[in-house]
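For ligands, and for the atoms within them, numbers begin at 1 and follow the listed sequence. Values below: every heavy atom of this structure, side chains too, minus hydrogens, waters and symmetry copies.
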Amino acid sequence: MKMQPGTDIQLAKTLLLQGELVAIPTETVYGLAANAFNGNAVAKIYSIKNRPQFNPLIIHTDKLEKLAEWGINLPEQALVLAKQFSPGPLTYVVKKSAFIPDIVTAGHDSVAVRIPNHPLTLRLLEQLEFPLAAPSANPSGFISPTTAQHVFEQLGSKIPYILDGGPCIVGLESTIISFVSERPALLRLGGLTVEDIESVLGSSLDKSLLINNDNPLSPGMLSRHYSPAKKMVIGNVADYLDNYSTDKIAVIHFSEPDVFLPETNQFILSPNADLNEAAQKLFAVMRQADKLDVEIIIADEFPGTGLGNAINDRLRRASVL
Ligand code: AMP
Ligand code: MG
């Protein structure tokens with residue numbers, strides 16, 4: 001029988017100590033966690049998610065001091081950011097230590113680390129003497145979960161426990177910055193804005209490693225990701241009316257509804273045009289739109305400021321065919 005999500009931290013801890021997987025809430029999205037020091041437990045993450053073995057995992061803990069004990073040290077510029085933004089939606093890629101099994105980093109000699117900002121998960125992490133390796137708690141390629149119920153629907157029969165911490169407050173995955181070269185490099189847009197990071201750093205990030213649809217390093221790196229089952233596009237509804245009847249179109253708008261579409265098929269992410277609110281609701285709304293009896297989901301292009309860039313990144317990847 002599937003176990004319902006709950007808030008039992010001791011049960012979560014016991015299962016993790018036994019090498020089992022537990023889904024955990026964070027402020028970004030729900031994670032599928034394993035003891036990062038236990039290679040067999042980490043292997044279960046890859047198999048349950050159907051995640052390619054070459055895609056490394058982020059490890060999570062509650063304190064920088066613990067990382068140091070495990071031989072992982074943040075360089076100066078990362079420490080400056082950590083002071084301001086950790087716990088929070090920022091991931092640091094730094095030199096790996098021998099404590100971390102190769103399966104966690106997919107063979108890289110760097111490791112991605114984050115201190116998530118969620119009260120329940122921080123209380124769990126405080127009690128653990130190992131970091132948690134945790135990618136998003138969804139089958140690889142699909143939309144990331146932002147509620148315990150989302151995890152339950154997709155992975156409930158495959159994992160022993162889901163820790164329920166309510167809806168995720170940020171709603172987008174963490175921003176990832178690499179510190180392996182002298183100049184910090186942005187690897188993924190996410191829940192912390194580039195503007196905020198650069199203002200604290202006092203310098204601009206190297207953006208040449210960022211892989212997006214405008215600037216793919218190679219076409220093969222343009223991965224379909226965060227995807228609903230339905231066809232999804234970014235654009236104007238008017239351009240699709242010749243090919244789809246209005247009742248077969250769902251729309252995801254930033255702030256303004258369409259007058260000529262049925263209300264039931266329209267999702268407005270933030271009537272006040274607040275990008276943080278839009279980010280928080282995005283994945284839940286994509287799931288809802290996917291469940292409607294429609295043939296296409298049309299999303300707005302979001303403003304290219306603040307979290308609008310990360311939202312556009314996720315929408316573009318969701319639209320890759
Ligand atoms: P996910 O946990 O699904 O949000 O994915 C984590 C992402 O972190 C991966 O897709 C990588 O892009 C990135 N990542 C994790 N570890 C490393 C690393 N050692 N070097 C570069 N990127 C990493
Ligand atoms: Mg993911």
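- Polar contact check, E173 against ligand 1: no nitrogen or oxygen pair lies under 3.5 Å apart.
- Contact check on K248 versus D293 returns a salt bridge, with a Lys/Arg side-chain nitrogen under 4.0 Å from an Asp/Glu carboxylate oxygen.
- Here K63 does not pair with E69 in a salt bridge; the nearest charged N to carboxylate O distance is not below 4.0 Å.
- Tested against D206, the residues S208, S204, S203 include a single side chain to side chain donor-acceptor pair (under 3.5 Å) partner, S208.
- Take the Mg ion (ligand 2) and draw a sphere of radius 2.8 Å; the protein N/O/S atoms inside it number 1.
- Remark: of the listed residues E173, R114, H118, R114 is the sole one forming a side chain to side chain donor-acceptor pair (under 3.5 Å) with T28.
- The only option from L187, L209, L205 that meets the side chain to side chain contact (heavy atoms under 4.5 Å, CB included) definition with I177 turns out to be L205.
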message: Applying side-chain contact (heavy atoms from CB on, under 4.5 Å) to N138 and Y30, what does each step give before you reach the verdict?
response: CA-CA 9 Å; N138 54 278; Y30 273 71; over 6 Å; no

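- If you check which protein heavy atom lies closest to atom 8 (O) of ligand 1, you get I176 CD1, 3.2 Å.
- Counting the atoms of ligand 1 from 1 in the order shown, those under 4.0 Å from a heavy atom of V93 are 18 (C), 20 (N).
- The closest protein non-hydrogen atom to atom 4 (O) of ligand 1 is R188 NH1, 2.7 Å.
- Nearest protein heavy-atom contact of atom 18 (C) of ligand 1 is S110 OG, 3.7 Å.
- Among pairs with a residue in residues 299-319, those fulfilling ring pair (Phe, Tyr, Trp, His ring centres under 6.0 Å) read F254-F302, at least two apart in sequence or across chains.
- At the shortest separation from atom 14 (N) of ligand 1 among protein heavy atoms lies P56 CG, 3.7 Å.
- The single protein non-hydrogen atom nearest to atom 21 (C) of ligand 1 is L187 CD1, 3.7 Å, given as residue, atom name and distance.
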- prompt: R188 and D313: salt bridge (Lys or Arg N to Asp or Glu O under 4.0 Å), yes or no, with the steps?
  reply: CA-CA 9 Å; R188 177 174 74 184; D313 172 79; over 6 Å; no

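- Under 4.0 Å is where a charged nitrogen must lie from a carboxylate oxygen, and between R123 and D62 no such pair does.
- Here the rule is salt bridge (Lys or Arg N to Asp or Glu O under 4.0 Å) with E20, and of K44, K158, K13 only K44 fits it.
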task: Test ring-ring contact (aromatic ring centres under 6.0 Å, His included) on W70 and F130 and set out the steps.
output: CA-CA 9 Å; W70 302 325; F130 49 83; 8.3 Å; no

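- Ligand 1 has no nitrogen or oxygen under 3.5 angstrom from a nitrogen or oxygen of T105.
- For atom 5 (O) of ligand 1, the nearest non-hydrogen atom of the protein is R51 NH2, 3.2 Å.
- What sits closest to atom 2 (O) of ligand 1 on the protein, heavy atoms only, is P135 CA, 3.1 Å.
- Using a 4.0 Å cutoff on heavy atoms, N55 counts as a contact of ligand 1.
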